[in-house]
Structure formats: structure tokens, C-alpha cells
Protein chains: 2
Amino acid sequence: MIQSVDRSIRILTALQGARRMSLSEIAERLELPPPTVHGIVRTLVAHGMVVQDHTSGRYQLGPAVLRLGNVYLDTLELRSRAVTWAEELGRRTGFAVRVGVPLAEDVIIIHHEPRPDGTRQMPEVGIVIPTNASALGKAMLAFLPDAADQLLAGPSLRSMTGETITDPGEFRKQLDDVRASGLAFECDEAVLGESSVAGTVFDGTDLAVGAVAIVVPTSEWPVDDGTVDAVRTTARTVSRELGASRWPAG
Amino acid sequence: MIQSVDRSIRILTALQGARRMSLSEIAERLELPPPTVHGIVRTLVAHGMVVQDHTSGRYQLGPAVLRLGNVYLDTLELRSRAVTWAEELGRRTGFAVRVGVPLAEDVIIIHHEPRPDGTRQMPEVGIVIPTNASALGKAMLAFLPDAADQLLAGPSLRSMTGETITDPGEFRKQLDDVRASGLAFECDEAVLGESSVAGTVFDGTDLAVGAVAIVVPTSEWPVDDGTVDAVRTTARTVSRELGASRWPAG
DNA sequence: AATATGATTCGGCATTATCGAATAATGCTC
DNA sequence: GAGCATTATTCGATAATGCCGAATCATATT
């Protein structure tokens with residue numbers, strides 16, 4: 001791990017949490033002397049990864065990170081394969097669809113298909129949700145044993161609502177169920193009033209690379225078997241397109 | 001400029017251009033020995049900025065850059081102010097609307113309002129267009145003299161189509177026109193069949209921070225005065241919301 | 001099985017980044 | 001509007017750090 005590169009990424013991550021920070025705030029947060037931080041930040045600014053507000057002197061993320069993010073989406077094979085099937089799933093079930101991949105202890109949404117009923121919704125691509133509080137996360141974690149152990153080895157499971165699973169034993173038990181079926185469920189665990197059903201997606205090496213989920217208002221929960229089937233079919237189809245030999249794989 | 005941080009960003013930029021690269025390809029591109037690149041890449045991988053394909057060993061951008069890009073959009077005041085007015089502009093003119101900010105010698109799209117006629121379109125947020133080949137770019141450059149000089153000091157203006165302005169004299173002349181009116185025009189210069197009208201957006205310090213544009217099929221070009229007026233009004237309104245004292249400022 | 005290609009590890013060396021101290025810039029207070 | 005406080009930035013000596021040649025390991029190819 002090379003020190004200054006590691007520090008530069010931690011600076012970006014700090015700015016990601018706090019939007020705008022003065023140099024000394026960043027320095028304090030990372031427990032580094034201001035001149036050290038300054039050197040790194042200057043380099044980031046030179047590349048547009050960070051911009052400095054002319055008036056306040058504070059720093060924030062810059063446009064170059066947006067370009068990187070956009071290119072990332074373009075390179076993702078999972079995304080290009082999933083888009084058409086996500087649309088199909090949305091049409092069939094009438095619910096919004098999300099496709100996500102793991103990012104440390106979170107899931108990051110790489111595609112979002114709004115509810116077909118035309119409800120005006122926020123675009124959700126790029127947002128992150130704790131793995132333990134989402135069906136998407138559980139669907140992936142069940143087939144990524146290392147990641148699951150790592151998460152459970154941490155201090156504690158992050159709680160988002162009163163319904164979030166925070167007990168490690170209960171969590172492991174749920175993962176066992178997911179491993180058997182390839183499907184994960186969640187009711188009010190991330191956001192109150194929002195539940196979801198997710199299916200794991202595997203790639204050509206039969207490893208879990210992501211998950212696809214429908215987002216259901218809790219008022220319409222639980223969903224019928226046909227809807228669950230549609231999620232299963234979508235996850236299986238996308239996996240097959242990526243070259244997976246069986247579903248669920250693992 | 002800190003060497004290793006600079007190199008790490010150049011690695012990310014290389015991956016941005018070539019999607020997937022082997023370690024030695026990256027090393028060759030940056031003219032560095034493979035072990036040097038390896039150390040940096042390892043650090044990037046540890047943070048999810050880059051991922052390594054299990055089978056081929058090749059590297060590509062990772063999900064962490066997407067999160068950064070998403071947070072960048074959230075922090076941008078220009079974007080939050082512009083969305084509602086972009087929607088209004090789209091409704092009034094019937095054309096797709098783009099909002100962009102400068103990024104080195106390009107414009108990067110930070111908001112895209114699709115044509116209201118419901119035509120299924122690619123989401124364009126995050127794509128970049130050369131400043132000299134777009135109305136958005138000209139609208140910004142006219143009020144950023146340093147950036148314009150820097151661009152013209154370069155080897156030559158990038159040509160995208162046969163219509164792209166590549167003559168420095170002609171380009172300067174166009175910028176003079178933009179400076180007088182606050183509006184920039186472009187016909188087939190970036191993409192054949194696509195033309196646009198852009199207005200400069202200024203912030204509370206009366207500096208150009210971005211531009212808003214409508215995208216017009218060349219078959220409907222030129223547009224009528226009312227449409228041009230609508231772009232002017234939108235650019236002026238957004239600038240005022242950001243605290244600009246007059247329009248065009250500069 | 002042998003070879004070639006490319007990824008990764010190791011470690012000594014010199015470049016390089018680090019950080020204390022000083023300076024400049026900015027904003028606040030009275 | 002002067003003086004003070006806060007914060008950003010520059011400079012440079014120091015030694016810590018990352019760099020990269022050589023060796024090793026893993027994988028693909030013939």
C-alpha cells in the first residue's frame with residue numbers, strides 16, 4: 001500500500017462524506033499535518049478530482065470524478081446485460097428495479113429502472129446501501145463467504161431502521177436461506193415503507209458479481225409468487241448471459 | 001505535485017480511455033516499470049477505485065469511482081439550481097436540455113433533461129465534449145479568458161466532424177460574439193445532425209461556472225427567436241439564483 | 001512438457017514526500 | 001480602518017518512503 005496514494009484516496013473519501021471541507025478540517029480528520037495534506041490536495045486539484053471554492057478556500061470533489069464514474073458504468077458488462085432485462089422485469093411486475101454490485105460493506109446501485117407507472121423518482125444510480133440492510137446486499141453476501149465473514153467480524157451491523165437485522169446469528173441464518181434459493185428478501189430494513197426481493201447474479205466463473213431487485217412499497221408486501229418468480233427468472237437470465245453454468249451457482 | 005498521486009490519477013485516466021488494461025499495458029502507456037505501476041494499482045484496488053478481473057488479470061475502473069461521481073453531483077450547487085429550470089426550458093422549447101461545466105479542455109454534462117416527447121434517449125450525465133466543438137463549451141470559454149488562451153496555445157483544435165471550428169482566428173471571433181450576447185451556437189460541430197444553443201451561467205462572484213443548452217436536430221435548425229430567448233432567460237435565471245449581479249457578467 | 005508472457009515479490013538505494021517553521025492571505029472584531 | 005486571529009500556502013532540511021532492477025511465481029501457448 002503506497003502511502004501518499006492511500007492518503008489521497010482517504011482525502012477523497014473524506015470529501016465524499018462531508019461535501020466541503022477546509023484544508024485544516026481534512027488534516028484534522030486524517031490526523032496529518034496541514035502541509036502534508038496540502039501537497040496531496042494540490043495534485044488532486046491539478047487533475048480536476050477536487051476543486052477549491054474561490055471565495056471560501058474550501059475544497060470539494062471535482063468534475064473529473066464524475067467522468068470516471070461514467071466510464072465505470074460503461075465498462076461494466078453486468079450493467080449492459082442487465083438493462084434490457086431490468087426493463088422487462090419492471091414491466092412485468094410493475095415495480096421499480098435496481099441492479100447493484102458490492103462495494104466494501106455496501107451495495108452500490110449501478111442501474112435503476114423507475115416504476116413503470118411514471119411516478120417521478122430520483123435517479124438512484126451511484127447511491128450506496130449497507131449490505132446487511134438490503135435484499136441486494138444479502139443476495140450477494142450469501143455467495144461471497146469472505147465478504148460476509150469480514151462484515152460480521154466488524155464491530156456491529158449498521159442499523160438503518162428498527163427493522164434492520166443487527167444480530168449476527170440471525171443474519172447468518174438468513175444468508176443460509178439465500179444460499180439455498182438464490183433469493184433474498186427485506187422488509188423495511190433500509191427505509192421504512194420500502195421492501196424488496198433480490199436475486200443473485202453470477203458471472204462466467206460462477207462467482208456472485210451483483211444482484212437484481214424489485215423495490216416494493218411495504219403496503220403491497222408480501223408480493224405474490226409470480227412476482228418472486230419474475231425476479232428469479234431475471235437473475236437467472238442475466239447470469240446465463242454472463243456465462244454462468246447454473247443458477248444459483250456458488 | 002506529488003509524484004505517486006499524480007501517477008495514480010494518470011493510471012485512472014488511462015483506464016478511462018482504454019476500459020480494460022493489463023498491468024504491462026498501463027506501464028507501457030505511462031512509460032514506467034511494471035513494478036512501480038503495480039504498487040500504485042494495488043493501492044487503488046484496495047480502495048475499490050480499480051478492480052482486477054479474476055480470470056484475465058486485467059484491470060478496470062471500480063465501483064468506488066461511481067460513488068465519488070454521485071457525491072460530486074450532489075454537492076454541485078449549479079446542478080440543484082438548474083434542474084427545475086432545465087425542465088421548464090425543455091417543456092417550453094420541446095428540446096432536450098444539457099447543463100455542463102468545464103473540465104480541462106472539455107465540457108462535462110452534469111444534467112440532462114430528455115426531450116419531452118418521450119423519445120427513449122441515452123442518459124448523458126458524465127459524458128464529455130470538446131469545448132471547441134460545442135455551444136456549451138464556447139459559452140463557458142468566452143468568459144474564461146485563461147482557459148481559452150490555454151486551449152488555443154495547444155497543438156490544434158480537435159476536430160469532431162467536418163463542421164468543427166479548428167481555425168484559431170475564427171474561434172476567437174466566435175468567442176467575441178459570445179461575450180457580447182452571453183449566447184453560443186453550434187451546428188453539426190460535435191455530432192452530425194445535432195446542433196445547439198447555449199447560455200453562460202455565472203455564480204455569485206460573476207465568474208462563468210457552466211452553461212445550459214438545448215440540443216436541436218439540425219433538421220429543425222435554425223431555431224426561432226422565441227426559443228433562443230428561452231435559453232437566454234434560463235441562463236439568466238439560474239445565474240441570478242447563484243447570486244450573479246448581472247447577465248452576462250464577466 | 002517446454003517456452004513465453006506477464007503478474008507479483010523482494011530489498012537496497014536514492015529520490016521523494018513529509019512536516020516543522022515561516023510567511024502570506026483572509027476574515028473578524030472593535 | 002487598524003490590529004488580531006485564523007487559515008492557506010511556501011520553503012527546505014531530513015529521513016522516510018516509494019522506486020525499480022532482478023528474481024520468482026503464475027498462467028497461457030505451442
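Among residue pairs with one or both ends in residues 68-80 of chain B, those qualifying as salt bridge (charged side-chain N to carboxylate O under 4.0 Å, His left out) are A:Arg19-B:Asp74, B:Glu77-B:Arg81; sequence neighbours excluded. Residue pairs meeting the salt bridge (charged side-chain N to carboxylate O under 4.0 Å, His left out) criterion with at least one partner in residues 123-134 of chain A, sequence neighbours excluded, are A:Arg98-A:Glu124.
With respect to B:Asp106 and B:Arg158, a salt bridge is recorded, a charged nitrogen being found less than 4.0 Å from a carboxylate O. Using a 4.0 Å cut-off between a side-chain N of Lys or Arg and a carboxylate O of Asp or Glu, B:Arg179 and B:Asp176 qualify as a salt bridge.
The CG atom of B:Asp6 sits 15 Å away from the P atom of D:dG18 (whole-angstrom rounding). Distance A:Gln3 CD to D:dG18 P: 5 Å, rounded to the nearest Å. In this structure, A:Met1 places its CE atom 14 Å from P of D:dC19, rounding to the nearest Å.
Mapping A:Pro33 and A:Thr55 onto DNA chain C via the closest heavy atom, the residue that lands nearer the 5' end is A:Pro33.
No donor-acceptor distance shorter than 3.5 angstrom exists from the side chain of B:Ser4 to the backbone of A:Val5, with no hydrogens or angles considered. The backbone N or O of A:Ala139 lies less than 3.5 Å from a partner atom in the side chain of A:Thr200, making a donor-acceptor pair. Counting only distance, with no hydrogens or angles, the side chain of B:Thr166 and the backbone of B:Leu157 share no donor-acceptor pair below 3.5 Å. For the pair A:Ser239 (side chain) and A:Phe202 (backbone), a donor-acceptor distance under 3.5 Å is present.
How far CG of A:Leu151 is from CZ of A:Phe171: 5.5 Å, rounded to the nearest 0.5 Å.
The shortest distance between the side-chain N/O atoms of B:Thr36 and the OP1/OP2 oxygens of D:dC20 is below 4.0 Å.
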Anything under 3.5 Å between a protein N or O and an N or O of nucleotides 8-13 of chain D, put it in a table, one pair a line.
from  : atom 1 : to      : atom 2 : distance (Å)
D:dA8 : OP1    : A:Leu23 : N      : 2.8
D:dA8 : OP2    : A:Ser24 : N      : 3.0
D:dA8 : OP2    : A:Ser24 : OG     : 2.6
D:dT9 : OP1    : A:Gln52 : OE1    : 3.3
D:dT9 : OP1    : A:Gln52 : NE2    : 3.2
D:dT9 : OP2    : A:His38 : NE2    : 3.4
D:dT9 : OP2    : A:Tyr59 : OH     : 2.4
D:dT9 : O5'    : A:His38 : NE2    : 3.3

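Boundaries of the chain A contact region on DNA chain C are C:dT18 to C:dG27, first to last in 5' to 3' order (nucleotide atom under 4.0 Å from a heavy atom).
End-to-end axis angle for the helix from C:dA1-D:dT30 to C:dC30-D:dG1, using five pairs per end and rounding to 10°, comes out at 50°.
Residues passing the side-chain hydrogen bond (donor to acceptor under 3.5 Å, both in side chains) test with A:Arg172, sequence neighbours excluded: A:Asp149.
Around atom CH2 of B:Trp247, more than 12 heavy atoms belonging to other residues, nucleotides or ligands sit under 6.0 Å away.
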